[in-house]
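See below for the structure under consideration.
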Amino acid sequence: MNPQEHIGLLSILPAALAIVLAFVTRNTVFSLAVACFVGVITLGNGLMGFPTLLKETLGTTSFSWILLLELFIGTVIAFFQRTGAIQNFTAWVERRALSRVKVQLIAWLMGMFVFFSDYFSPLFVGSTMRGLTDRYRVSREKLAYIADSTSAPVSVLIPITGWAVFISGLLIGMGPIENAAQAMSVFLYAIPFNLYAFLSVLVVGLVIVGVIPLFGPMREAERRAQEEGKVLRDGAEPLVGEELTDIPPYEGVRTSLFWNFFAPVMVVIGVAVGTFIVMDSAKTMEAFLAASVFLGIVMRLQGIPFNDIMKTSLSGMKGVMPAIIILALAYSLNQLSKDMGTANYIVEATAGWLTPALLPAMTFLIAAVIAFSTGASWGTFAIMMPLAVPLAFNFSADAITPLLYATVAAVAGGGVFGDHCSPLSDTSVLASTGAASDHIDHIKTQIPFALAVALVTLVAYLLIGLML
């Protein structure tokens, strides 16, 4: 199947089925597995098509990377708990006599601070703040929302992240954009037009302080947490193994908040940002490997036995297995969507709507639909940039104009919409994992806010398109 082909309306069947089943059954693994199975049958690959899909998808460098990243993050979080680092951090924050609102604001600010990785950010914020927000009766759904909406939306706004490099790299060779410097310049000028990302982050803060009132399922989740003291609903299934939530601090060993918490975080940031500056690529997985080794050495020097360190490491890896299973199936469904031409069908079905005035709005809408259906923001960028940007140049006679900036930003924002609120998205899974929230509960409570922001963004792009 070449890039222009699809199998018609059936091409959206697996993604649509996965999303519907996820909300109906509240079981993401089952929903993704059924969607993948139906997809391979629809493609005519027979019963053996399902295991073949898994082998071909999971035996790739990209999945191996996220698998190792998850395992090392699980190890670091387990070490944090075994050394009492998270408890020490919680006690350190509590001594500041913070209010419930201020605790949530800290989580919000931490999400923006850890901007260099949309994978690390939700896991770090969720796992670090979970004990504290539980004490202040903040629902796990609310914590997952805070962590999720300050990960991808922030990453796409900062010009020194992998997101910026990837998006600008897609622009090279289009119209008068001839090299990386010109492409990055377009990305920089497009940042003010990335309304969805800005508004997503801003709305979280406004929701926390009460300027924007809670509504929908989130209001019920917060009522339950505050009035009944239940941070999880009855029957919820947190997306993290007990091995990672029930690790007690090692008795009899005096640990340090600096060496066991702040120093490892500095190692992660230093390696990730340093490799980005030197190598033009943030080595996030290697950063967590370095932090795991660093923490292991510190723990041994503090008197924790080697066997206990290894056992804790394995517990951390086991604890992230629920997330890894969902990510594996989500990656498989994403590959299946590519094979079936899901994005191509959506683009073709909406191509006739595009005019200069509608270009930013329709670009955002199409990108959002593709990203939500596939759970893949970068895949959406790769599909939409070569389609939307040439149209912008065609409308502007190959000149770099505000219409181009708005179009690039619309693709970026639409991709982020799907990335941080689709039940199939890796960062949404990681947000649920970090907050130890039921994954579907997280999605159900976050989507109303994401849709509201998307609607405001769509209207704004319509107005921008009319003015440009």
Side-chain angles (χ1 to χ4, degrees), residues 69-98 103 106-107 110 114 120 122-138 140 143 147 225 229-232 236-269 287-324 430 432-437:
L69 175 65
E70 283 296 290
L71 294 178
F72 293 142
I73 289 177
T75 298
V76 170
I77 294 174
F79 284 167
F80 278 167
Q81 296 196 42
R82 191 58 169 159
T83 59
I86 291 180
Q87 293 89 332
N88 290 343
F89 176 76
T90 299
W92 178 75
V93 173
E94 283 187 325
R95 287 197 293 271
R96 273 68 189 163
L98 299 176
V103 166
I106 289 177
M110 285 175 63
V114 189
F120 176 47
L123 278 169
F124 176 71
V125 173
S127 60
T128 302
M129 295 299 297
R130 187 170 63 235
L132 199 58
T133 54
D134 282 357
R135 294 191 187 187
Y136 283 85
R137 295 191 174 188
V138 178
R140 296 281 180 83
L143 177 59
K230 298 178 179 178
V231 294
L232 288 165
E237 297 183 4
L239 191 59
V240 62
E242 294 179 357
E243 295 88 350
L244 197 55
T245 57
D246 297 339
I247 299 176
Y250 190 85
E251 294 183 5
V253 173
R254 183 178 179 83
T255 56
S256 162
L257 183 60
F258 175 79
W259 289 110
N260 295 111
F261 184 78
F262 290 113
V265 172
M266 291 165 60
V267 169
V268 172
I269 295 174
F288 280 98
L289 171 59
S292 299
V293 173
F294 175 84
L295 261 173
I297 293 173
V298 170
M299 291 168 69
R300 186 68 193 94
L301 292 174
Q302 291 172 332
I304 298 177
F306 176 76
N307 286 339
D308 189 274
I309 295 172
M310 294 306 300
K311 182 180 178 181
T312 301
S313 175
L314 291 176
S315 294
M317 294 180 183
K318 291 177 183 177
V320 296
M321 284 309 297
I324 289 175
L430 299 181
S432 298
T433 303
S437 168

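Just the heavy atoms: all of them, side chains too, but no hydrogens, waters or symmetry mates, feed the values below.
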Those residues that, when tested against F79, pass ring-ring contact (aromatic ring centres under 6.0 Å, His included) (two or more places apart):
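With sequence neighbours excluded, F79 shows a ring-ring contact (aromatic ring centres under 6.0 Å, His included) to no residue whatsoever.
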Could I get the full list of ring-ring contact (aromatic ring centres under 6.0 Å, His included) partners for F294, not counting sequence neighbours?
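Listed in chain order: nothing, the list is empty.
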Taking the side chain as every heavy atom from C-beta outward, state whether F261 and T83 have any atom pair closer than 4.5 Å.
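When only atoms from C-beta onward are counted, T83 and F261 do not touch, as no gap falls below 4.5 Å.
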Are the side chains of R135 and V103 in touch, meaning some heavy atoms are under 4.5 Å apart?
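Of all side-chain heavy-atom pairs linking V103 with R135, none is under 4.5 Å.
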Taking only residues at least two apart or on different chains, which pairs with a member in residues 75-85 satisfy salt bridge (Lys or Arg N to Asp or Glu O under 4.0 Å)?
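Listed once each, the pairs are R82-D308.
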With rounding to the nearest 0.5 angstrom, report the [atom1] to [atom2] distance, [X] to [Y].
{"X": "F262", "Y": "I269", "atom1": "CZ", "atom2": "CD1", "result": "11.0 Å"}
{"X": "I309", "Y": "Y250", "atom1": "CD1", "atom2": "OH", "result": "9.5 Å"}
{"X": "L232", "Y": "E237", "atom1": "CG", "atom2": "CD", "result": "11.0 Å"}
{"X": "L295", "Y": "I304", "atom1": "CG", "atom2": "CD1", "result": "9.5 Å"}
{"X": "I77", "Y": "M317", "atom1": "CD1", "atom2": "CE", "result": "12.5 Å"}

How would you list, by chain and number, every residue that makes a salt bridge (charged side-chain N to carboxylate O under 4.0 Å, His left out) with R300, sequence neighbours excluded?
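With neighbours one apart ignored, the set is empty.
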Name all residues meeting the salt bridge (charged side-chain N to carboxylate O under 4.0 Å, His left out) criterion together with K311; count only those two or more places apart in sequence or in a different chain, and write none if there are none.
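For K311, no residue satisfies salt bridge (charged side-chain N to carboxylate O under 4.0 Å, His left out) once neighbours in sequence are set aside.
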Do R140 side-chain atoms and A436 backbone N/O form a donor-acceptor pair below 3.5 Å?
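Here the side-chain-to-backbone pair exists.
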So, the side chain of T128 versus the backbone of V125: is there a donor-acceptor pair under 3.5 Å, distance only?
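Judged by distance alone, no pair lies under 3.5 Å.
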Which heavy atom in [X] sits nearest to a heavy atom in [Y], and how many Å separate them?
{"X": "A291", "Y": "P264", "value": "CB-O, 4.0 Å"}
{"X": "V267", "Y": "A287", "value": "CG1-O, 4.4 Å"}
{"X": "A225", "Y": "V138", "value": "CB-C, 4.2 Å"}
{"X": "G126", "Y": "A147", "value": "N-CB, 4.5 Å"}

Under the rule for side-chain contact (heavy atoms from CB on, under 4.5 Å), what residues qualify as partners of L289, not counting sequence neighbours?
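Residues passing side-chain contact (heavy atoms from CB on, under 4.5 Å) with L289: F72, V293.
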Going through the distances and angles, do N260 and Q302 end up as a side-chain contact (heavy atoms from CB on, under 4.5 Å)?
CA-CA 10 Å; N260 295 111; Q302 291 172 332; 2.9 Å; yes
